[in-house]
Amino acid sequence: MNYFSLKKQQRSSHSNSTGPSNAYQNLEKTSVLQETRTFNETPVNARKCIHILTKILYLINQGEQLVAREATDCFFAMTKLFQSKDVVLRRMVYLGIKELSSIAEDVIIVTSSLTKDMTGKEDLYRAAAIRALCSITDNTMLQAVERYMKQCIVDKNAAVSCAALVSSLRLASTSGDVVKRWANEAQEALNSDNIMVQYHALGLLYHIRKSDRLAVSKLVNKLTRGSLKSPYAVCMLIRIACKLIEEEDIPAEELSDSPLFTFIESCLRHKSEMVIYEAAHAIVNLKNTNPRMLSPAFSILQLFCSSPKATLRFAAVRTLNKVAMAHPAAVTTCNLDLEGLITDSNRSVATLAITTLLKTGAESSVERLMKQISTFVAEISDEFKVVVVQAICALCTKYPRKHSVLMNFLSGMLREEGGLEYKTSIVDTIITIIEENADAKESGLSHLCEFIEDCEHVSLAVRILHLLGKEGPFAATPSKYIRFIYNRVILESPIVRAAAVTALAQFGASCPALLSNILVLLGRCQMDPDDEVRDRATYYLSILNSERPELYKNYIIERENCSLALLEKSLSEHLNGDLETRFDISIVPKAAIVKAEVPSDVMLVTSSAPRPPKITREEESAARLAQLPGIQVLGPIHRSTAPIQLTESETEYTVQCIKHIFGQHVVFQFDCLNTLSDQFLENVRVELTLPEGFTARAVIPCPKLPYNELQTTFVIVEFPPDAASSIATFGATLRFVVKDCDPNTGEPDSDEGYDDEYMLEDLEITVADQIQKTKKNNFQVAWDAADSEEWLQAEDTFVLSAVTTLQDAVNTIVKILGLGAANLSEKVPEGTHLHTLLCSGTFRGGAEVLVRAKLALSEGVTLNLTVRSTDQDVAELITAAIG
């Protein structure tokens, strides 16, 4: 008896010391795949097979890669398990089929077995069988099971109906034409009493009709007059209604009378808290609203702030936090409730409450709120620390005089433990403060220098070194930063050492007093074990030893921001071509900086697929333009404009235009869409009415334009020789040959067609189209350097009668000229009556442009515009553009 109690105590002690363990953590793929031989045994051992299938699914979900042969062998072994009647095993087989369907070969062999289970009497099989079947079905096979899918969509069993609806939604992305034929069944499922069936049916119906705006409007109007039982469906209907409102761009005075807005507002009185919150969230995020329309929504959010349910408190305060900067006055009315949430037991709610108060509170309350945050900031997750940092960033912009308090708090956060995203948000905020507030530059750079001494993230160290190289030479005492930078050369990885060498070179080029010391340090860097570091040191040493300021400016201080993707492509083509000719970097298009895309919180259908990295318009257009015959003779792309619509979105043919600007030519890219299913278009081209001086060089038609397929036609036009004549308006007509066709097959009924045309809206080429933005690291140095014989100057004074504020005037000038603002001069401080806008860019052909616009506000806005350029015609053109 004592022996057994001792063994039990030992086991208990062992389990307590080691904690919970994962039985599957040490699995090996090879041994698990060998175990699949058990599937061939007769009779089937259900318990053992379930355990093996669990191992396989665990390995796949942990990221283990199976090659096609392994997956196929496993898949076919799994099909032997269909002979077992065990319910749990059968459902595990369905999961296995879904996971292996994208890797294994010849998976269609189980179609008949899955179809049998899908139409059988065992409800436990049917839903899972539908999901598995749809995962292996392609467009050609789908028509064979279409009848069964329609039956399942309207099935009385809610699980079966939901499985069919969700599977249909996934199939719609690959077999949209087939799924569109199931709209009647989805409409019938929408009348179901089950809340999930109704929700999924609405999702499928919207996806089927989303390309037809009129059909979506009819669907929404019908459902808003009815009464959906499912709160999930009502939430989705609110989102669809908001999308329609945003697309229609209804002004605030008319929005309150809109049936869609009336429906959303009525949802504030719904019995479901989920729907009430969704309606309030939707209203406060609409663009064209006024305080009267916002008041009921903010009252709901204020009420939720005092709810006993933590989820409602969190949802309300999170929404208030997001709209605090857009509607500060409305959020301020909730400040008393937010003050009460500072001590909330849920740290996430407390964090959001404080950050919201930071965004809307008075300047005098900043210190008090920062002290309260510091008491628990170490206890919250990185995700909410990022929210705190974002609030501090907004606060610095609002109250620049508080930068010392906020900067000290941020530097303390930098020294704490945290992940890359958290540290990046702090560094971004400090950099923003440095750029926006000249008084904060010295302390901000010092904090960042201390941080890189112990920074474990290479990407952050490189960014900070780049900032030091850009801002450090123009600080009060530039020499104090040299030590921090050179320490990186001694202690860090090759990537960081290379960035440090570049930063040192910028100090040498911008600070003559430090040049001798920098040359010594760069000389030591030539002994570095890494090739990149040595090459950079040698490169910068040769430039700095030349003692030629123009080389400093072009190759160190203001390096060209060319597209790296297109540079790589051009170098590859050069290596595969004639190597006797020298590579010309001027053929690589200059690329503007691409801003990160902000994700939308109100996506109706989200995708788990990773998004490709954001690229410039020039990079996006390069591959397509490269296919045009003779395009190489035009030289590099200067810039590509954003698409402009030349037709209404509801018309039978839709056309949008992208203008690709080259040195002496413009390539008009017309993206055409045929929305008529009974017409097949051929020889589609756009005929332009050219203004005087422009010459058409080529028209590249689109051979075929089937229904609902986006195709492209191009027109290449040469600019007039003088820049002043390059601002012009073009008439445009879409011409094509029409052939009648069968709407189901898309094939023309006969070879005969008739010519037709469709009038498009006029096209314009503006000054902004021809200018690529640039951003000068130190505008004043560039401006002073332009006071020479090589640069020409034009000056004029204007009265801007169309604007009433300095900020509106700045926005208008930047929009008209298409230049990049420097030194954050695009932001006008509050309460000032004088402002200077500094901006720069490059005109097509390579002419540099610098602009200084002095603005004064009295009864109107007076503008004194000074333009310096390397081309007199360009300087006069830019001056005339304002007039």
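Residues: numbered from 1 along the sequence shown.
Of the possible donor and acceptor atoms, none in the side chain of Thr651 sits under 3.5 Å from a partner among the backbone N and O of Thr647. Proximity of a side-chain donor or acceptor of Ser825 to a complementary backbone N or O of Leu838 within less than 3.5 Å is detected. Here the side chain of His270 pairs a donor or acceptor atom with the backbone of Ser272 at under 3.5 angstrom. Of the possible donor and acceptor atoms, one in the side chain of Arg313 sits under 3.5 Å from a partner among the backbone N and O of Ser307. With His200 contributing its side chain and Met196 its backbone, the two residues share a donor-acceptor pair below 3.5 Å.
The distance from atom SG of Cys242 to atom CG of Leu286, rounded to the nearest 0.5 Å, is 4.5 Å. Rounded to the nearest 0.5 Å, atoms NE2 (His281) and NZ (Lys322) are 6.0 Å apart. A distance of 10.5 Å separates CG in Leu448 from CD1 in Ile426, rounded to the nearest 0.5 Å. With values rounded to the nearest 0.5 angstrom, Ile240 atom CD1 is found 11.0 Å from Thr224 atom OG1. Expressed to the nearest 0.5 Å, how far OG1 of Thr311 lies from CE of Met274 amounts to 10.0 Å.
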**OP:** With side-chain hydrogen bond (donor to acceptor under 3.5 Å, both in side chains) as the test, would you mind laying out the steps for Gln807 and Asn811 before giving the verdict?
**Re:** CA-CA 6 Å; Gln807 187 62 63; Asn811 294 343; 3.0 Å; yes
**OP:** Would you check, one step at a time, whether the test side-chain contact (heavy atoms from CB on, under 4.5 Å) holds for Leu414 with Val427?
**Re:** CA-CA 8 Å; Leu414 264 181; Val427 171; 4.2 Å; yes
Subject >> Leu219 vs Leu202, side-chain contact (heavy atoms from CB on, under 4.5 Å): CA-CA, chis, key distance, verdict >> reply: CA-CA 9 Å; Leu219 175 66; Leu202 177 57; 4.2 Å; yes
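Looking at heavy atoms from C-beta onward, His207 lies out of side-chain contact with Val179 at the 4.5 angstrom threshold. Proximity of Leu357 to Ile342: side-chain heavy atoms (C-beta onward) are separated by under 4.5 Å at one or more points.
With Cys267 as the fixed residue, the side-chain contact (heavy atoms from CB on, under 4.5 Å) test singles out one of Leu237, Ile283, Ile238: Ile238. No option in Val197, Asn194, Val154 other than Val197 meets the side-chain contact (heavy atoms from CB on, under 4.5 Å) test with Ser161.
Donor-acceptor pairing under 3.5 Å is lacking for the side chains of Ser425 and Asp428.
Sparse packing is recorded around OH of Tyr232, with 12 or fewer heavy atoms of other residues, nucleotides or ligands lying under 6.0 Å away. In the displayed structure, Glu421 atom CD is contacted under 6.0 Å by at most 12 heavy atoms of other residues, nucleotides or ligands.
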